[in-house]
Amino acid sequence: MPTTTFEFAEKYKYQNGFGSYHETEAISGALPIGQNSPQKPPYGLYAEKLSGTAFTAPRHENQQTWLYRILPSCAHPPFAPAADGSFKSDKSTDSTRFEYIPNQLRWDPFDHDDQTDFVSGLRLVAGAGDATLKQGLGMYIYSAGKSMAETSAFYSADGDLLIVAQDGVLDIRTELGWLLVRPMEICVIPRGVKYQVHLPSGPVRGYALELYQGHFTLPELGPIGSNCLANSRDFQAPLANFSQDYGATASEGPTTYTVTVKFNNSLFRTKQPHTPFNVVAWHGNYYPYKYDLGRFNTIGSISYDHPDPSIFTVLSALSDHPGTAIADFVIFPPRWLVAEKTFRPPWYHRNTMSEFMGLIAGEYDAKKGGHGGFMPGGASLHNVMSGHGPDAASFEGASNAELKPAFVGKGSCAFMFESCLMVGVTEWGLKMCKKVQEGYSEESWGGVQVHWKFPEGATVNSHLL
């Protein structure tokens, strides 16, 4: 710390800043000066606006980017339903595809799959809401063993995708440029941005959250002040990069490219004779970005008591109600614990929010690791008002530990997708993946001891008139 030491070296240059207005050009002079849509953009490019919010959204919320590209995005044949992959174009969009249960759930590490690429390896585990209404979210596991084809591209019309790399490196080509995403890094690919995922280090596995409404922001810091948590300057956006593969018109060219879109949680596909990665320059504040979790400036109690886990929030997607999130992305990185006379792990808890947790590496200090425990590549879900907290062994250990300064989580990082929504679980998440730990609740809390002793000589105060 304060940055992660990566085994796989960085390949690209970036622009820094969260929510910043960036501009970049792969060919000098490709960006028009003083206007967005000149009669003839430089070098015969087409000007195309990519809007991530309504035109009339308030300035502080408005997100848009101007692209200057060789051919516009509209130049393709009609999309047709795609019946393969983990999504089906004839799949019901009824929310009953989710099973809503109050039980605590935990999953063993999800399998790697060497037969899938990133898109076909996305598995919806849990979610809530409706993509057609731009309300709610989806929580995914991804597993892939091969790169997407050089002649393919994917985008989602349903929402912004937050990717949490857990095992293996993602080399992501987007319309706006390249991002290298390694374990202990995250990235966000906005709604509508086309991309292609390569696997330079071999098979990959990780987690993802698709946000159907709004966009991620940095949490307010309040009395913390002007710095700490995830600092704006540490977010990185790509530089413009493009390919030249096209014919004399949009309907002719030497290579066929397949473009797949996720539209209302179904896949549709078209083929076009020119590359979709033809953006020579762009400017705006709607773009993909990545972040090194090792740069997170963790804060905590230096006196007593365990603060709320909201102090570990990296990104937040707000609802219409102040202080309440459709999705928070929270991490539990290595940190010092120094609180006096305090039970230091997270306390026992019932929450109006849903909590989906994953483990990137190492062990989480409130749950045992190892076989049958909370392990990297696995997950847990504690739904609305479902009780949870340290397992019996962790409680006994923390209750009797010597309270000297302790550094916890070395080599570890757990995370949480937290939502104000009641989260349903898919059939794949409950049954088909075959990773649910059936004995999770009993093994975690069945052995919690009764320490209560009725005080000698005490009487019970009456509650009756």
Exercise for the section: Would you indicate whether Tyr46, at its atom OH, is surrounded by more than 12 heavy atoms from other residues, nucleotides or ligands within a distance under 6.0 Å? Expected result: no
Practice task
Give the C-alpha distance, both sets of side-chain angles, the deciding distance and a yes or no for side-chain contact (heavy atoms from CB on, under 4.5 Å) between Leu315 and Ile186.
Solution key: CA-CA 11 Å; Leu315 293 170; Ile186 62 169; 4.0 Å; yes
Problem - Set of residues satisfying ring-ring contact (aromatic ring centres under 6.0 Å, His included) with respect to Phe55, sequence neighbours excluded - result: none
Exercise for the section: Mind checking side-chain hydrogen bond (donor to acceptor under 3.5 Å, both in side chains) for Trp178 and listing every partner two or more places apart, or none if nothing turns up? Expected result: Asn241
Problem - With Arg205 via salt bridge (charged side-chain N to carboxylate O under 4.0 Å, His left out) - residues at least two apart - result: none
Problem - Pair listing, salt bridge (charged side-chain N to carboxylate O under 4.0 Å, His left out) test, anchored in residues 224-250, at least two apart - result: Asp234-Arg295
Can you give the donor-acceptor pairs under 3.5 Å from side chains of residues 15-24 to other protein atoms, not counting sequence neighbours?
unit_1, atom_1, unit_2, atom_2, d
Gln15, NE2, Pro238, O, 3.0
Tyr21, OH, His283, ND1, 2.7
Thr24, OG1, Ala240, N, 3.0

Practice task
Not counting sequence neighbours, which residues clear side-chain hydrogen bond (donor to acceptor under 3.5 Å, both in side chains) with Glu7? List them please.
Solution key: none
Completion exercise
Separation between CG (Leu430) and CG (Leu105), nearest 0.5 Å, reads 6.0 Å
Exercise for the section: Could you tell me whether the side chains of Tyr286 and Asn62 share a donor-acceptor contact shorter than 3.5 Å? Expected result: no
Exercise for the section: Tell me, with the steps shown, if Thr260 and Arg269 meet side chain to side chain donor-acceptor pair (under 3.5 Å). Expected result: CA-CA 4 Å; Thr260 304; Arg269 189 166 290 136; 3.0 Å; yes
Handout entry: Nearest atoms (heavy-atom pairs only) where Gly429 meets Val436
Key = O-CG2, 3.4 Å
Exercise for the section: To the nearest 0.5 Å, tell me how far Leu50 CG sits from Lys194 NZ. Expected result: 9.0 Å
Fill in the blank from the handout: Across all chains, not counting sequence neighbours, the ring-ring contact (aromatic ring centres under 6.0 Å, His included) partners of Phe8 are none
Problem - Worked verdict on Asp117 versus Ser120 for side chain to side chain donor-acceptor pair (under 3.5 Å) - result: CA-CA 5 Å; Asp117 62 18; Ser120 60; 2.9 Å; yes
Exercise for the section: Begin from the C-alpha positions of Trp107 and Cys433 and carry the test side-chain contact (heavy atoms from CB on, under 4.5 Å) through to its verdict. Expected result: CA-CA 9 Å; Trp107 291 266; Cys433 70; 3.8 Å; yes
Practice task
Please confirm whether Trp282 and Tyr68 have ring centers closer than 6.0 angstrom.
Solution key: no
Exercise for the section: Could you pull out the closest heavy-atom pair between Pro183 and Phe6, with the gap in Å? Expected result: O-CE2, 3.4 Å
Problem - Residue pair Val169 / Val204: nearest heavy atoms and the distance that separates them - result: O-CG1, 3.5 Å
Fill in the blank from the handout: When rounded to the nearest 0.5 Å, the distance separating SG of Cys413 from CD1 of Ile331 is 4.5 Å
Completion exercise
Interatomic distance, OG1@Thr255 vs CD@Glu150, rounded to 0.5 Å, equals 11.0 Å
Fill in the blank from the handout: The single option from Phe296, Phe235, Phe329 that satisfies ring-ring contact (aromatic ring centres under 6.0 Å, His included) with Tyr291 is Phe235
Exercise for the section: Begin from the C-alpha positions of Arg182 and Asp292 and carry the test salt bridge (Lys or Arg N to Asp or Glu O under 4.0 Å) through to its verdict. Expected result: CA-CA 9 Å; Arg182 301 156 290 184; Asp292 171 8; over 6 Å; no
Problem - Steps toward side chain to side chain donor-acceptor pair (under 3.5 Å) verdict (Lys271, Thr256) - result: CA-CA 6 Å; Lys271 295 182 182 295; Thr256 299; over 6 Å; no
Handout entry: Test side-chain contact (heavy atoms from CB on, under 4.5 Å) applied to Leu381 and Glu355, step by step
Key = CA-CA 6 Å; Leu381 174 63; Glu355 302 178 9; over 6 Å; no
Handout entry: Minimum heavy-atom distance between Gln135 and Tyr212, given as atom pair plus value
Key = O-CD1, 3.4 Å
Fill in the blank from the handout: d(Ser73 OG, Leu67 CG) to nearest 0.5 Å is 7.0 Å
Practice task
With sequence neighbours left out, write down each residue that passes side-chain hydrogen bond (donor to acceptor under 3.5 Å, both in side chains) with Lys146, or none if nothing qualifies.
Solution key: none
Practice task
Measure centre to centre between the rings of Tyr140 and Tyr207, then say whether the value is under 6.0 Å.
Solution key: no
Exercise for the section: Determine whether more than 12 heavy atoms belonging to other residues, nucleotides or ligands lie under 6.0 Å from atom CG of Asp308. Expected result: yes
Handout entry: salt bridge (Lys or Arg N to Asp or Glu O under 4.0 Å) assessment of Arg106 paired with Glu438
Key = CA-CA 8 Å; Arg106 187 159 71 190; Glu438 299 296 342; over 6 Å; no
Exercise for the section: Just jot down the side-chain hydrogen bond (donor to acceptor under 3.5 Å, both in side chains) partners of Asn285, sequence neighbours excluded, or say none. Expected result: none
Exercise for the section: For Met422 and Tyr100, work out which heavy atoms get closest and say how close. Expected result: O-CE2, 3.5 Å
Problem - Evaluation steps, side chain to side chain donor-acceptor pair (under 3.5 Å), between Asp328 and Ser316 - result: CA-CA 4 Å; Asp328 280 331; Ser316 188; 2.5 Å; yes
Handout entry: Residues Glu99 and Lys431 bridged, charged N to O under 4.0 Å
Key = no
Practice task
Write down the atom of Ala165, the atom of Val181, and the distance for their closest heavy-atom approach.
Solution key: CB-CG1, 4.1 Å
Exercise for the section: Let me see the working for Thr4 and Glu185 under side-chain contact (heavy atoms from CB on, under 4.5 Å), right down to the final yes or no. Expected result: CA-CA 9 Å; Thr4 302; Glu185 287 183 310; over 6 Å; no
Practice task
Could I get the full list of ring-ring contact (aromatic ring centres under 6.0 Å, His included) partners for Phe263, not counting sequence neighbours?
Solution key: none
Problem - Glu252 side, atom CD; Tyr246 side, atom OH - distance, nearest 0.5 Å - result: 12.5 Å
Fill in the blank from the handout: The side chain to side chain contact (heavy atoms under 4.5 Å, CB included) partners of Glu220 (sequence neighbours excluded) come to none
Cut-off 3.5 Å, no hydrogens considered: what does the side-chain donor-acceptor table look like for residues 152-164, sequence neighbours left out?
unit_1, atom_1, unit_2, atom_2, d
Ser152, OG, Ala149, N, 3.4
Ser152, OG, Ala149, O, 2.7
Ser156, OG, Asp158, N, 3.1
Ser156, OG, Glu210, OE2, 2.4
Asp158, OD1, Asn264, N, 2.6
Asp158, OD2, Lys262, NZ, 2.8
Asp158, OD2, Asn264, N, 3.3
Asp158, OD2, Asn265, N, 2.7
Asp160, OD1, Arg191, N, 2.7
Asp160, OD2, His215, ND1, 2.6

